[in-house]
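Working notes, structure below.
Letters go in sequence order (proteins before strands), and every chain restarts at 1.
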Amino acid sequence: MSYHHQQIEKKWQTYWLENKTFKTNTFSEKEKFYALDMFPYPSGAGLHVGHPEGYTATDIISRMKRMQGYEVLHPMGWDAFGLPAEQYAIDTGNSPAAFTDKNINIFKRQIQALGFSYDWDREVNTTDPNYYKWTQWIFIKMYEHGLAYMDEVPVNWCPALGTVLANEEVIDGKSERGGHPVIRKPMKQWMLRITAYADRLLEDLEELDWPESLKDMQRNWIGKSEGAEVSFEIESLNEAFTVFTTRPDTLFGATYAVLAPEHPLVKKIVTDKQKDDVEKYIHEIETKSDLERTELSKEKTGVFTGAYAINPVNGEKMPIWIADYVLMSYGSGAIMAVPAHDERDYEFATKFELPIVEVVAGGDITKGAYSGEGEHINSGFLNGLGKDEAIMKMIAWLEEHGKGTKKITYRLRDWLFARQRYWGEPIPIIHWEDGTMTTVPEEELPLELPSMNNIQPSGTGESPLANAEEWVNVINTETGMKGRRETNTMPQWAGSCWYFLRYIDPENSKQLAAPDALQQWLPVDLYIGGAEHAVLHLLYARFWHKFLYDIGVVPTKEPFTKLFNQGMILGEGNEKMSKSKGNVVNPDDVIESHGADTLRLYEMFMGPLDASVAWSENGLDGSRRFLDRVWRLTIEDDGQLSRKIIEENDGTLDKTYHETVKKVTEDFENLHFNTAISQMMVFVNECNKAEYIPKKYVEGFIKMLSPIAPHIAEEIWLKLGHSETITYEPWPVYDEEKLIENEVEIVLQVMGKVRAKVNVSKDVSKEELEKIALENEKIKDLITDKTIRKVVVVPGKLVNIVAN
RNA sequence: GCGGGUGUGGCGGAAUUGGCAGACGCGCUAGACUUAGGAUCUAGUGUCUUCGGACGUGGGGGUUCAACUCCCUUCACCCGCACCA
């Protein structure tokens with residue numbers, strides 16, 4: 001007899017919803033635990049089997065913590081702004097809001113069918129004006145603190161589509177949709193000054209319980225590097241530029257300088273003779289995307305400007321070139337080239353026959369650049385010094401002579417925070433006809449998206465909102481001044497930067513959340529999601545959180561104490577699941593055929609949570625069989641509790657049970673669900689062998705199973721004679737004494753190889769163990785004609801005899 | 001190129017401080033029950049074997065009484081970044 005998952009699962013899902021079983025008390029006396037999932041973008045494709053993996057993990061922890069007496073906050077919501085809805089609206093003329101609502105309903109139904117213990121009263125939706133009111137409010141605060149500003153930056157402009165594209169929408173220099181060419185074009189854009197937080201974002205990583213690989217990715221992304229800024233004057237022109245270098249000690253070897261093609265100085269310094277070449281080169285670069293620029297970078301390109309810079313340390317003339325291997329976006333967009341000690345400069349110098357001067361001994365500059373350690377040569381006052389010493393001395397010299405200064409640079413760039421989209425949070429700014437701009441007054445928030453019949457690109461590079469004239473044009477009622485609303489909207493990342501705060505106090509209309517509630521619940525204790533958000537979402541969210549901390553809104557410096565990335569679930573052929581490969585597994589089908597409990601169990605049993613493992617239909621069947629075994633162990637065919645389950649305890653299962661409690665509890669805590677499940681399987685196997693099972697142990701076991709397979713657990717709990725949900729039953733505890741066996745098996749080794757095993761009392765002394773080993777028949781045979789050199793005894797474990 | 005990680009049966013994976021390699025599951029083999037079996041139960045299942053044993057955690061070397069675990073070296077694969085000065 002197998003159990004009827006469809007009936008049981010529906011029954012308990014309804015029970016939980018109707019009884020609000022998982023409702024969180026915001027101000028509870030209990031200790032808090034905040035378990036957070038990365039909320040999904042509700043795509044039209046519906047839930048993927050990858051989604052429930054992370055969700056099940058946090059659900060298991062949440063359910064265990066409730067049973068351990070914690071007040072648990074475990075919410076879910078929707079990251080619902082996004083491109084597909086906009087594209088759908090453009091294609092069909094329908095409203096993105098209605099489309100989004102429909103998808104949310106599908107997602108919600110699917111997620112509820114998996115039996116997660118969310119408090120649905122705290123559901124948030126980033127597209128809800130009551131939610132994005134506060135996203136806009138945070139933007140205004142950032143603007144007021146000088147962290148939001150407008151700047152001319154190069155963007156991916158697609159002339160054919162009449163719109164700007166995000167980097168991820170550009171593939172090989174062409175638009176993802178339609179394959180139209182994309183070029184780099186400077187446009188005035190909203191930026192967020194995340195670089196102001198670079199140092200803190202880097203330093204505070206130390207205290208976080210995050211995977212080291214992920215922290216490293218953030219460190220690399222921030223890319224702190226220490227060096228010096230050196231100023232170069234331009235020969236016979238009253239101009240100068242600065243470069244950033246990590247090797248100021250090699251300044252004597254700087255034989256030329258390179259500016260990025262977009263560098264503002266280029267136009268001023270170019271000589272008439274070189275003008276045509278330079279302009280031609282700049283034009284070529286402009287029409288390349290970033291991707292093309294790096295892809296075609298195997299061969300260095302560049303053009304001489306005709307101008308010369310003066311090396312501040314030795315007065316030598318250095319030709320100034322422009323080349324696209326120097327990026328305007330890093331440092332000052334200009335470099336001093338030291339071809340002898342920098343590979344890129346070496347390559348460039350070789351190609352264009354520029355002089356190479358060795359200033360650090362140790363390499364062979366006829367063969368290539370040498371970037372290792374060595375004594376300085378040809379370097380005036382640095383001669384004979386090592387690298388670190390020379391760097392210090394050069395910086396001191398530069399500062400003394402006003403030619404430069406110590407400088408720290410970051411790879412991190414400010415965050416381009418505007419999209420030419422309709423379906424995003426409107427940026428609450430008004431541009432007035434006198435050239436000033438103001439924020440929308442806070443009492444007018446939320447600044448809602450106008451409903452538009454026909455969402456189409458404006459064609460000018462502005463968002464479709466530019467077409468909504470009534471919305472765009474505003475008049476100051478007091479002064480009569482005319483203004484225009486900002487038509488750019490925020491990128492999709494915005495809403496997800498703070499959603500975990502709103503869950504804490506989702507209905508608040510006066511604040512994004514009440515301070516005492518935030519005090520009660522922050523930080524998030526466990527955050528699980530995919531590794532694809534390792535840098536952007538997690539860095540942006542940390543940035544906003546730090547800002548909110550600075551203005552006193554949140555009480556913690558960091559939002560997420562512990563973070564974990566679940567792995568991917570691959571198709572049966574070990575490939576990524578995708579529609580085109582036809583190997584996508586739909587959770588709805590699995591829930592129908594095997595049940596939600598089976599799906600949850602299987603996904604947790606597949607392997608370690610962070611591993612990427614291929615889906616296996618056989619494995620899924622196996623998980624179902626385990627649940628069937630549990631059912632048969634506890635429930636008779638007639639639906640009554642098994643006759644094997646009795647009140648008395650004859651002690652047979654003591655050790656296995658207590659071991660199981662210990663291992664499952666510890667494994668759950670460490671997110672080692674696969675091994676916890678295997679221990680539960682061991683326990684069930686032992687129970688099947690036993691004649692009787694104490695009821696207490698069955699109850700304890702069902703409690704431990706309930707976080708993974710809550711529906712079947714609730715049903716069996718009911719059959720065990722309880723009338724309330726298992727959700728708040730106390731978590732089982734183990735008795736350390738029951739784990740100790742009086743008899744232990746000792747391994748007898750000769751030369752490190754197992755030759756025999758004996759059972760002895762656990763407190764046999766070292767000496768006695770040695771004696772037992774040497775008197776063992778089998779061992780005796782093996783050592784009779786040998787000399788015993790040494791006997792190693794590990795009490796309770798083994799005896800190893802070294803003899804030859 | 002730089003950074004991080006992973007290599008264990010036919011497959012997914014276990015293995016506290018170095019202390020019985022292969023737990024648990026899948027698959028497979030044989031048997032039982034059965035009209036039937038993609039159900040259930042029982043036994044077996046790393047490789048080789050002269051049935052004594054020998055070999056075995058990507059390869060090679062080392063430390064140790066003892067190494068999947070520590071050290072050196074090498075190979076393969078995965079992920080991230082990629083002209084970052």
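If you look at Trp210(A) and Phe564(A), their ring centroids are not closer than 6.0 Å.
Between the base of rC65(B) and the side chain of Asn800(A) there is a donor-acceptor pair shorter than 3.5 Å.
A distance of about 30 Å separates the P atoms of rA23(B) and rG37(B), rounded to the whole Å. For the C1' atom pair drawn from rG44(B) and rG7(B), the interatomic distance equals 29 Å after rounding to whole Å. rU63(B) sits 46 Å from rG27(B) when the P atoms are compared, rounded to a whole Å. One C1' atom belongs to rC71(B), the other to rC24(B), and the distance between them is 33 Å to the nearest Å. Only the C1' atoms considered, rA14(B) is 28 Å distant from rU49(B), to the nearest whole Å. Atom P of rC78(B) sits at a distance of 43 Å from the matching atom of rA43(B), rounded to the whole Å. With P as the reference atom, rU8(B) and rA15(B) are 15 Å apart, rounded to whole Å. Rounded to whole Å, the C1' atom of rG9(B) lies 24 Å from the corresponding atom of rU42(B).
Comparing rA15(B), rC20(B), rA82(B) by their closest approach to the side chain of Thr675(A) singles out rA15(B). For Pro608(A), taking side-chain heavy atoms from C-beta onward, the closest of the listed nucleotides rA54(B), rC24(B), rG13(B) is rG13(B). Side chain of Met681(A), nearest nucleotide from rG27(B), rA85(B), rG25(B): rG25(B). The nucleotide whose nearest atom lies closest to any side-chain atom of Val792(A) is, among rC81(B), rC65(B), rA85(B), rC65(B). Looking at the side chain of Ile335(A), the nearest of the listed nucleotides rC65(B), rC83(B), rA85(B) is rA85(B). Distances were taken from every side-chain heavy atom of Gln749(A) (C-beta onward) to each of rG19(B), rG25(B), rA21(B); the shortest belongs to rG19(B).
Against the 90° criterion about 0, the sugar-base torsion of rG9(B) places it in the syn range. rG59(B) takes the anti form, because its glycosidic angle lies more than 90° either side of 0.
Look at Lys689(A) and Glu686(A) and you find a salt bridge, because one of the NZ, NE, NH1 or NH2 atoms lies within 4.0 Å of a carboxylate O, short of that distance. Checked for salt-bridge contact, Glu659(A) and Lys655(A) meet the test: a charged N lies under 4.0 Å from a carboxylate O.
For the pair Arg789(A) CZ and rU64(B) C1', the interatomic distance rounds to 17 Å; values are reported in whole Å. Straight-line distance from the CZ atom of Arg755(A) to the C1' atom of rG19(B): 16 Å, rounded to whole Å. Rounded to whole angstrom, the span from the CE atom of Met680(A) across to the C1' atom of rG25(B) amounts to 14 Å. Remark: C1' of rC26(B) and CG of Leu601(A) are 13 Å apart, rounded to the nearest angstrom. Rounded to an integer number of Å, the gap from Arg629(A) CZ to rA39(B) C1' is 12 Å. If you take CG of Leu539(A) and C1' of rC81(B), they are 14 Å apart, rounded to a whole angstrom. Following rounding to the nearest Å, Glu659(A) (CD) and rC24(B) (C1') show an atom-to-atom distance of 14 Å. Between the CD atom of Glu617(A) and the C1' atom of rG27(B) there is a distance of 15 Å, rounded to whole Å.
Between Met336(A) and Val794(A), the residue whose closest nucleotide on RNA chain B is further toward the 5' end is Val794(A). Mapping Leu798(A) and Tyr330(A) onto RNA chain B by nearest heavy atom places Leu798(A) at the nucleotide closer to the 5' end.
Note on Ser616(A): nothing from the nucleic acid sits closer than 4.0 angstrom, heavy atoms only. Residue contacts shown for Gly622(A) are limited to sugar-phosphate atoms, with no base heavy atom under 4.0 Å away. Asp621(A) comes within 4.0 angstrom of no nucleic acid atom, judged by non-hydrogen atoms across all strands. Within the 4.0 angstrom heavy-atom criterion, only backbone atoms of the sugar-phosphate kind lie near Val682(A); the bases stay farther away.
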For this session: Determine, for nucleotides 3-12 of chain B in 5'-to-3' order, which nucleotides have protein heavy atoms under 4.0 Å from the base (write B), from only the sugar-phosphate (write S), or from neither (write -).
Result: SS-------B
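In this model, no donor atom of one side chain and acceptor atom of the other lie less than 3.5 Å apart for Tyr692(A) and Ser642(A). Between the side chains of His376(A) and Asp249(A), a donor-acceptor pair is found at a separation under 3.5 Å. In this model, no donor atom of one side chain and acceptor atom of the other lie less than 3.5 Å apart for Glu603(A) and Thr56(A).
The aromatic rings of Phe352(A) and Phe348(A) lie tilted to each other, with the angle between the two planes from 30° to 60°. Between Tyr540(A) and Trp415(A), the two ring planes are parallel [angle under 30°; tilted spans 30° to 60°].
Contact between the side-chain N/O atoms of Arg632(A) and the OP1/OP2 oxygens of rC41(B) is found at a separation under 4.0 Å. Neither OP1 nor OP2 of rA85(B) sits under 4.0 Å from any side-chain N or O of Arg247(A). Proximity of Ser225(A) to the phosphate of rA85(B): a side-chain N or O atom is located under 4.0 Å from OP1 or OP2. Put simply, Arg625(A) has a side-chain N or O that comes within less than 4.0 Å of OP1 or OP2 on rC26(B).
Nearest heavy atoms, Gly50(A) versus Ile569(A): CA-CD1, 4.4 Å.
If you check rU50(B) for Watson-Crick or wobble pairing at under 3.5 angstrom, you find it has no partner at all. Base pairing of rU29(B): its partner is rA43(B), meeting the Watson-Crick or G-U wobble criterion (both donor-acceptor distances under 3.5 Å).
Taken residue by residue, residues 663-674 of chain A places heavy atoms nearer than 4.0 Å to RNA chain B at Asn674(A).
With hydrogens and angles ignored, the 3.5 Å screen pairs no side-chain donor or acceptor of Asp610(A) with any backbone N or O of Gln566(A).
Under a cut-off of 6.0 angstrom, the local environment of CD in Glu691(A) is sparse, with at most 12 non-hydrogen atoms contributed by other residues, nucleotides or ligands.
Annotation: side chain of Gln218(A) is not in contact with side chain of Leu201(A) (no heavy-atom distance under 4.5 Å). Side-chain contact between Arg600(A) and Phe605(A) is absent, with no heavy-atom pair separated by less than 4.5 Å.
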